[in-house]
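A short worksheet on the structure shown next.
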Amino acid sequence: MKKIAIFASGEGSNAESIVNYFRTPGSHAEVALIVTNRPDAPVINRAERLGVDYAVITRAELNDGVTILNLLDRYAIDIVVLAGFLLMIPCGLIERYRGRIVNIHPSLLPKFGGKGMYGNRVHEAVVAAGERLTGITIHHVNEHYDDGAIIFQASIEVDPTDTPADVARKVRQLELTHFAPTIAQTFL
Ligand code: GAR
């Protein structure tokens, strides 16, 4: 049984769908731990409701080179999944999990990626640019923001009347459909 840790800073809708996906009978993986950097993140309520262990870590703990690796070791984590985690991942963690750490981004990278591009800011930029197509990108994580090898992309049409909230809803649907199966196909 492979053990997954999900890092999330906010709502946690992707985290919840991944937890449930790997709880189906015959699954070869399980979400053993959710890590967040925000003590008030809604993902914590989801973890409690789902009965998944969670840890709140500070930025300093993430970056001190030992705390996060010890935590992941304690849970024997094989795979790290970033699902709306907004802090930069330190090099030590990337090195230890190289090839076993993935992120989801709510646009068709390389478009609308990079530092400061997350969540609704991405959808606002997509609408402002008059894009007719947007989507999701699931990619390996390297030392640069939104830059690792792409594993999977899926797109949806942006209608001329769509608001950023409309785009967010469509993109969320793609995320909930594709993220967990892509993790399974990549690692299991
Ligand atoms: C998701 O839309 C994810 O693609 C995005 O944050 C949201 C998290 O939602 N990630 C980024 O923007 C990363 N740059 P969730 O907490 O409900 O899963």
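Read the numbers this way: they start at 1 and go in the same order the structure lists the ligands and their atoms. Keep in mind the model is a prediction, meaning the values are calculated, not measured.
Shortest contact from atom 16 (O) of ligand 1 to any protein heavy atom: G12 N, 2.7 Å. Looking only at heavy atoms of the protein, atom 8 (C) of ligand 1 is closest to G84 CA, 3.7 Å. Distance from atom 11 (C) of ligand 1 to its nearest protein heavy atom, with residue and atom name: P106 CD, 3.5 Å. Closest protein heavy atom to atom 17 (O) of ligand 1: S13 OG, 2.6 Å. At the top of the distance list for atom 12 (O) of ligand 1, counting protein heavy atoms only, stands G119 N, 2.9 Å. Summary of contacts: the protein heavy atom closest to atom 4 (O) of ligand 1 is E175 OE2, 2.4 Å.
Comparing L174, L176, I104 against atom 10 (N) of ligand 1, the shortest heavy-atom distance belongs to I104.
When each of D159, T161, D166 is paired with T163, the side chain to side chain donor-acceptor pair (under 3.5 Å) condition holds for D166 and for no other.
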Could you go through residues 18-26 and list every donor-acceptor pair under 3.5 Å that involves a side-chain atom there, pairing it with any protein atom two or more places apart or in another chain?
{"residue": "N20", "atom": "ND2", "partner": "E16", "partner atom": "O", "Å": "3.4"}
{"residue": "R23", "atom": "NH1", "partner": "L50", "partner atom": "O", "Å": "3.0"}
{"residue": "R23", "atom": "NH2", "partner": "L50", "partner atom": "O", "Å": "2.7"}
{"residue": "T24", "atom": "OG1", "partner": "Y21", "partner atom": "O", "Å": "2.8"}

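More than 12 heavy-atom neighbours from other residues, nucleotides or ligands sit within 6.0 angstrom of CD on E143.
When side chains are defined from C-beta on, E131 counts as touching K111, because their heavy atoms get closer than 4.5 Å.
With sequence neighbours excluded, the residues that form a ring-ring contact (aromatic ring centres under 6.0 Å, His included) with F152 are H178.
A8 does not count as a contact of ligand 1, since none of its heavy atoms falls under 4.0 Å from the ligand.
Atom numbering of ligand 1 starts at 1 in the shown order; those under 4.0 Å from a heavy atom of R172 are 1 (C), 2 (O), 7 (C), 9 (O), 17 (O). Atoms of ligand 1 lying under 4.0 Å from any heavy atom of M117, numbered from 1 in the order shown and given with element: 14 (N).
Polar contact check, N14 against ligand 1: a nitrogen or oxygen pair lies under 3.5 Å apart. Residue N103 has no N or O atom closer than 3.5 Å to an N or O atom of ligand 1.
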**Request:** Kindly determine whether T137 and H139 satisfy side chain to side chain donor-acceptor pair (under 3.5 Å), including the steps that lead there.
**Result:** CA-CA 6 Å; T137 303; H139 64 92; over 6 Å; no
**Verdict with supporting geometry, N70 and T67, side chain to side chain donor-acceptor pair (under 3.5 Å)** = CA-CA 5 Å; N70 286 346; T67 306; over 6 Å; no
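Under the 3.5 Å distance criterion, the side-chain polar atoms of N63 are matched with a main-chain donor or acceptor of R59.
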